[in-house]
Amino acid sequence: MRIATWNVNSVGARLERLLAWLELNQPDVVALQELKCTSEAFPTLAVQALGYEVAALGTGRWNGVALLSRVGLSDVTLGLQDQPQYEGADEPRAIAATCGGVRIWGIYAPNGRETDHDHFAYKLRWFQALRATAAAELAAAPDLPLTIIGDYNIAPTDADVWDIAKFVGSTHVTAQERAELTALQSIGLGEVLPRALKGEPFTFWDYRQASFGRGWGMRIDLVYGNAAFTSLVSDAYVDREERKGKGASDHAPVVIDLDLP
DNA sequence: ATGCCCTATGATATAGGA
């Protein structure tokens, strides 16, 4: 069984590349982030034609998450328990389903913007809600493989950005954000580290300043899972090739292969 | 090294991305 996570930066703008990527890579389950469309506007028919069931949660211009599965899609959950609001709105940033015997959460964590911005406090509260939601599911079904995949908007270590000196005072690398990752480990989730390709482990390269060609990347698309999940992992890697060329997302997909049929 | 921003919107500027 092959699962993947990919921040597509608009599923509408990326549809042609998404369909080609699905056909080439044959994932069984895919978590998508930054749909930038409403649930109704998701291109469901196009991905159904490739054999996938779809669960999508989007409100329009920003954010949005979806799960595609060709190994079943049941017990869909939209949003987190006690999910915090931002400026009075429930943002579409989390979706879960059980697919092929694996509980899969696809997430798009808030950016945070600046460390003194309201959005940063919101980001930390959001991770607390994610942790509480996951802890409740882990307690209810400890032996069910569970994974949380997606755009965490946190670089776990200094080596996960191209130059830590450029990030002094920035979001994505603070102790407070990294403490939220540590807290996920405290509830029984371990990180699955993808193989580094081309000597760099990154999953995101800004569109500006030809960052991809210069290697100015960050590893912020992450995979966590309980022991029942991580014990199944046979391979994990970043599909760096997908970041190349005209019309690419600014994020590359992360692929995880499991020892499951 | 695969290139010197991209996306959606009540659009012709703006907000957000990280």
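So that the names make sense, note that chain A is the first sequence line, chain B the second, and so on, each numbered from 1.
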Rounded to whole angstroms, how far apart are [atom1] on [X] and [atom2] on [N]?
X	N	atom1	atom2	result
A/L32	B/dT7	CG	C1'	16 Å
A/L15	B/dC6	CG	P	19 Å
A/R17	B/dT2	CZ	C1'	11 Å
A/E242	B/dT2	CD	P	14 Å
A/R14	B/dC5	CZ	C1'	12 Å
A/R214	B/dA1	CZ	P	14 Å
A/R243	B/dC6	CZ	C1'	10 Å

*Report, as a single string ordered 5' to 3', how protein heavy atoms within less than 4.0 Å touch nucleotides 10-18 of chain B: B base, S sugar-phosphate only, - not at all.*
----BBSBB
_With A/S69 via side-chain hydrogen bond (donor to acceptor under 3.5 Å, both in side chains) - residues at least two apart_ = none
*asked:* By the definition ring-ring contact (aromatic ring centres under 6.0 Å, His included), identify the one residue from A/Y224, A/W105, A/W126, A/Y108 that meets it with A/Y152.
replied: A/Y224
Please measure how far the [atom1] atom in [N] lies from the corresponding atom in [M], and state the result in whole Å.
N	M	atom1	value
B/dA8	B/dC4	C1'	24 Å
B/dC6	B/dA18	P	15 Å
B/dT12	B/dG17	C1'	22 Å
B/dA11	B/dG16	C1'	15 Å
B/dG10	B/dC5	P	27 Å

*List, by chain and number, the other hydrophobic cluster members for A/V173, where Ile, Leu, Val, Met, Phe, Trp and Tyr join if side-chain heavy atoms come within less than 4.5 Å, directly or indirectly.*
A/V161, A/W162, A/I164, A/F167, A/F202, A/F204, A/W205, A/F212, A/W216, A/M218, A/I220
*Residue mapping more 5' on DNA chain B - nearest nucleotide basis, A/G245 or A/A13*: A/G245
_For a 4.5 angstrom cut-off between non-hydrogen side-chain atoms, does A/E242 reach A/W6?_
yes
*Salt-bridge test for A/D257 and A/R2: reply yes if a basic N is under 4.0 Å from a carboxylate O, no otherwise.*
yes
*asked:* Ignoring hydrogens, what is the shortest heavy-atom contact between A/Q81 and A/A129? Give both atom names and the distance.
replied: O-CB, 3.7 Å
_Exercise: identify the closest heavy-atom pair between A/R14 and A/V8_ = NE-O, 2.8 Å
